[in-house]
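Just so we're on the same page: letters track the sequence lines, and every chain starts at 1.
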Amino acid sequence: MARAKQYWLMKSEAECFSIHDLAKAPKQTTYWDGVRNYQARNFMRDQMKIGDEVLFYHSNAEPSAVAGTSVIVAEAYPDHTQFIKTEQHYDPKAKPDNPPWLMVDIKLQAIFAEPVGLDVLRTIPALKDMELLRRGSRLSVMPVTKAEYDTIVKLGQGKKR
DNA sequence: GCCAACGTTGGC
DNA sequence: GCCAACGTTGGC
């Protein structure tokens, strides 16, 4: 039996790589490099599958917000940037025969008509248990429930007024 | 294996 | 730019 689709939230600094950069990328697809946290890596390595849907979150943004959705199009494989000295996320301890850091590929699905800001997320009772909203939460890749995902997508599509 | 020091994330 | 919270490092 097919495994149930899972839902995720991935953070990117809007200044660094925004959903608009993804929209301009070839095939509207990119590799998600730079994850250097074991918990986040383990989510990608062990649980992320092709077809899983992802909330694209802008951190350190004005305002910080979920900006849209994307879909996993390649499962975890070695992140080549860990071996490149000039890369921001270069890891001098990474061994090519056993690379610790992985990445996935994501493809744009939709840019929200109305980005859903952190302040809005905090006001929604159905979202109160989200990892993102936990005090001190710093994970850059984290699971969300289908209910949370659907709630945020609905907000992002915007209401007719 | 403890834990202090340090570095990073990310909201504000 | 500040700083709280957290992860990582390294001395012991």
What integer distance in Å separates L133(A):CG from dG11(B):C1'? 12 Å
Does N60(A) or N37(A) map to a spot on DNA chain C nearer the 5' end, using the closest nucleotide for each? N60(A)
Counting the benzene-type ring for Trp, do F56(A) and W8(A) have ring centres under 6.0 Å apart? no
Within less than 4.0 Å of OP1 or OP2 of dT9(B), is there a side-chain N or O belonging to K11(A)? no
Picking from dG11(B), dT8(C), dG7(C), which would you name as closest to the side chain of S59(A)? dG11(B)
Would you indicate which nucleotide in dG11(B), dC6(C), dT9(C) comes nearest to any side-chain atom of K93(A)? dT9(C)
Could you tell me the separation between the CH2 atom of W101(A) and the P atom of dG7(C), rounded to a whole number of Å? 13 Å
Rounded to whole Å, the CG-P distance (D91(A) to dT9(C)) equals 8 Å
Grab the two heavy atoms, one from L132(A) and one from M142(A), that are nearest each other, plus how far apart they are. N-SD, 3.4 Å
Using only heavy-atom distances, determine whether the side chains of E53(A) and Y149(A) contain a donor-acceptor pair under 3.5 Å. yes
Any carboxylate oxygen within less than 4.0 angstrom of a Lys/Arg side-chain nitrogen, looking at K146(A) and D150(A)? yes
Using atom NE2 of H58(A) as one end and atom P of dT9(B) as the other, report the distance to the nearest whole Å. 17 Å
Using distance alone, with no hydrogens and no angle criterion, decide if D105(A) and W32(A) have a side-chain donor and acceptor under 3.5 Å apart. no
Roughly, in whole Å, what's the span from CZ in R134(A) to P in dC6(C)? 7 Å
Rounded off to whole Å, could you give me the CZ-to-C1' distance for the R138(A) and dC12(B) pair? 16 Å
Over how many whole Å does the gap from E131(A) atom CD to dT9(B) atom C1' extend? 14 Å
Please confirm whether the shortest side-chain N or O distance from Y57(A) to OP1 or OP2 of dG11(B) is below 4.0 Å. yes
Position toward the 5' end of DNA chain B (nearest nucleotide), R122(A) or H89(A): H89(A)
What integer distance in Å separates E15(A):CD from dG1(C):P? 14 Å
